[in-house]
Asker: 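Mind having a look at this structure? Questions to follow.
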Amino acid sequence: MEIVTTLDETTAGLGGGCMGAARLRGWKFCLLGGDRRQDYLGCRLARSGAEVWIVRRRPPRFPGLRHSRAKEPALDGARVIVCPMAPFGPDGRVCSEDPEDLLALTESDLDLLARPSVLFAGSFPERLAAAAEKAGCRPVALNDMDEMAILNSVPTAEGALLMALERTTVTLHSSKALVLGYGRTGQTMARTLLALRARVTVIARRPAARARARADGCEALPLEELAGALTDARFVFNTIPALVLTADALERARPDVIIIDLASAPGGTDFEAARRLGLTAVLAPGLPGRVAPETAGGHLAEVVTRIALQSLAPVEVRPS
Ligand code: NAP
């Protein structure tokens, strides 16, 4: 069943950063699954004149968007498809905040799209990316883009603070916080903690990354010194997507440490060892969508719109 509601100027989530009222007129977008970011992304695209379809069980949170539980009417003739930032599951399963959504994007679905078209996702299984190219559909892996990762690092760091503060009895101010990894997320995490006057130590494998951390006002240590640094850390924020918080390292941690693991699943923590040792350690995936879907959806809209306009020819819209 398809449901269409009208776009209401006063609708929540539509304010701010309007991207050009009609530049997507005549464009059909299909947003598959995902979290609350998709609603805000959809709003922003609709405000730019696009026809936006949201495919999932639950109706869109805002008016102005078309809704379908079945993917076919939404994919049919779509110029742009946006899948979630979270990885595809087996058989092209698309991640959704609603566990009852059983959506998948298969190779045969690509035949329904307009040619050429653009397919956005956080990342792609190799087979799907190859099939998309063959079908005249440009796959764009958003997680590979520095721009997207840096923009996402802000709601991620704020979400990590929220999760840490909910679980502790002390301030971050004056506390010792470890940040593991000094890439796009680690840098924003450390700078956010510094702004709160936490005592920040960065653990990174590359000397240049440690030099940058020191230049930014942190202490910096190589990975080999992680276990020692854990002995007096009250907070640990991990961004390294490899097992670094091993059982041996965790044995050196304070009993009241709070570990927020931001790395993609399965994270960088031996959670079983943490549980056995009675430590608080949580894996915190998808924070931008959970903590700041409006901001994160707005960032997505900017990036998706720019790449779509660069990749595809304008649509000729005849005056009615
Ligand atoms: P990034 O810029 O590539 O940074 C990764 C950091 O981890 C770098 O410092 C890198 O060191 C280090 N690293 C990678 N593999 C390592 C290993 N085997 N041993 C030691 N250090 C290693 O990545 P990012 O954008 O910051 O993202 C970091 C992680 O957070 C990813 O898993 C990403 O999916 C996840 N993430 C999660 C959320 C969330 O909501 N939880 C949001 C955004 C991102 P080098 O520089 O030496 O390679």
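Residues take their numbers from the sequence shown, with the count starting at 1. Atoms within each ligand, like the ligands themselves, are counted from 1 in listed order.
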Asker: Tell me, which protein residue and heavy-atom name are nearest atom 4 (O) of ligand 1, and how many Å apart are they?
Answerer: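 Result: G183 CA, 3.4 Å.
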
Asker: Can a non-hydrogen atom of A263 be found less than 4.0 Å from any atom of ligand 1?
Answerer: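 It does, in that a heavy atom of A263 comes within the 4.0 Å cut-off of ligand 1.
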
Asker: Considering only non-hydrogen protein atoms, determine which one is nearest to atom 22 (C) of ligand 1 and report residue, atom name and distance to 0.1 Å.
Answerer: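 Closest protein heavy atom to atom 22 (C) of ligand 1: I240 CG2, 3.4 Å.
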
Asker: Answer yes when D101 and R56 have at least one side-chain N-carboxylate O distance shorter than 4.0 Å, and no when they do not.
Answerer: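 No, D101 and R56 are not salt-bridged.
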
Asker: Where on L223 is there a heavy atom closer than 4.0 Å to ligand 1, on the side chain, on the backbone, on both, or on neither?
Answerer: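 For L223, only side-chain atoms sit under 4.0 Å from ligand 1.
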
Asker: List, by chain and number, the other hydrophobic cluster members for L283, where Ile, Leu, Val, Met, Phe, Trp and Tyr join if side-chain heavy atoms come within less than 4.5 Å, directly or indirectly.
Answerer: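 Direct or chained contacts put L283 with F271.
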
Asker: Going by the rule salt bridge (Lys or Arg N to Asp or Glu O under 4.0 Å), which residues pair with R58 if we only count those two or more places apart in sequence or in a different chain?
Answerer: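 R58: salt bridge (Lys or Arg N to Asp or Glu O under 4.0 Å) contacts with D98.
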
Asker: If you count the atoms of ligand 1 from 1 in the order shown, which ones are under 4.0 Å from a heavy atom of P241?
Answerer: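 Counting from 1, the qualifying ligand atoms are 7 (O), 14 (C), 32 (O).
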
Asker: List the closest protein heavy-atom neighbour of atom 42 (C) of ligand 1: residue, atom name, distance to the nearest 0.1 Å.
Answerer: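 The closest one turns out to be T156 OG1, 3.2 Å.
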
Asker: Give a yes or no on whether Q310 atom CD has more than 12 heavy-atom contacts from other residues, nucleotides or ligands under 6.0 Å away.
Answerer: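 Atom CD in Q310 is packed in, count exceeds 12.
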
Asker: Side chains of R138 and S311 only: does a donor on one sit below 3.5 Å from an acceptor on the other?
Answerer: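 Result is yes, a qualifying pair exists.
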
Asker: When you measure from the side chain of D261 to the backbone N and O of V282, does any donor-acceptor pair fall under 3.5 Å?
Answerer: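 Answer holds: no.
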
Asker: Ligand 1 versus A284, non-hydrogen atoms closer than 4.0 Å: side chain, backbone, both, neither?
Answerer: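 Under 4.0 Å from ligand 1, A284 contributes backbone atoms alone.
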
Asker: Who's closest to atom 17 (C) of ligand 1 heavy-atom-wise, of M163, R205, M189?
Answerer: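 Among M163, R205, M189, the closest heavy atom to atom 17 (C) of ligand 1 belongs to R205.
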
Asker: Is any side-chain N of the basic residue among D35 and R290 closer than 4.0 Å to the acidic one's carboxylate O?
Answerer: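 Result for this pair is no, no salt bridge flagged.
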
Asker: So is P288 close enough to ligand 1, meaning a heavy atom under 4.0 angstrom away?
Answerer: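 Flag set, P288 near ligand 1.
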
Asker: Considering residues, nucleotides and ligands other than R197, do more than 12 of their heavy atoms fall under 6.0 Å from its CZ?
Answerer: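 Result for CZ/R197: open.
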
Asker: Closer than 4.0 angstrom, basic N to acidic O: yes or no for D91 and R93?
Answerer: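 Result for this pair is no, no salt bridge flagged.
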
Asker: With respect to atom 32 (O) of ligand 1, which of A86, S264, A296 exhibits the smallest heavy-atom separation?
Answerer: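 It is S264 whose heavy atom sits nearest to atom 32 (O) of ligand 1.
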
Asker: Report, in ascending order of atom number, the atoms of ligand 1 lying under 4.0 Å from any heavy atom of Y182.
Answerer: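 So the atoms of ligand 1 that pass are 9 (O).
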
Asker: Heavy atoms only: which of V179, I260, T239, D144 is nearest to atom 5 (C) of ligand 1?
Answerer: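 When every heavy atom of V179, I260, T239, D144 is considered, T239 comes closest to atom 5 (C) of ligand 1.
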
Asker: Considering non-hydrogen atoms of the protein only, which is the closest contact for atom 36 (N) of ligand 1, and what is the distance?
Answerer: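 I find the closest protein heavy atom is L262 O, 3.6 Å.
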
Asker: Report the part of N152 in contact with ligand 1, treating N, CA, C, O as backbone and CB onward as side chain, heavy atoms under 4.0 Å; options are side chain, backbone, both, neither.
Answerer: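 Within the 4.0 Å criterion, N152 makes no contact with ligand 1.
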
Asker: Tell me the protein heavy atom at minimum distance from atom 26 (O) of ligand 1, and give that distance in Å.
Answerer: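 Looking only at protein heavy atoms, the one closest to atom 26 (O) of ligand 1 is T185 N, 2.8 Å.
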
Asker: Between R184 and ligand 1, which residue portion shows a heavy-atom distance shorter than 4.0 Å: side chain, backbone, both, or neither?
Answerer: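 Near ligand 1, R184 shows its backbone as well as its side chain.
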
Asker: Indicate yes or no for a side-chain donor-acceptor contact from T188 to the backbone of R184 under 3.5 Å, with no hydrogens or angles considered.
Answerer: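 Present.
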
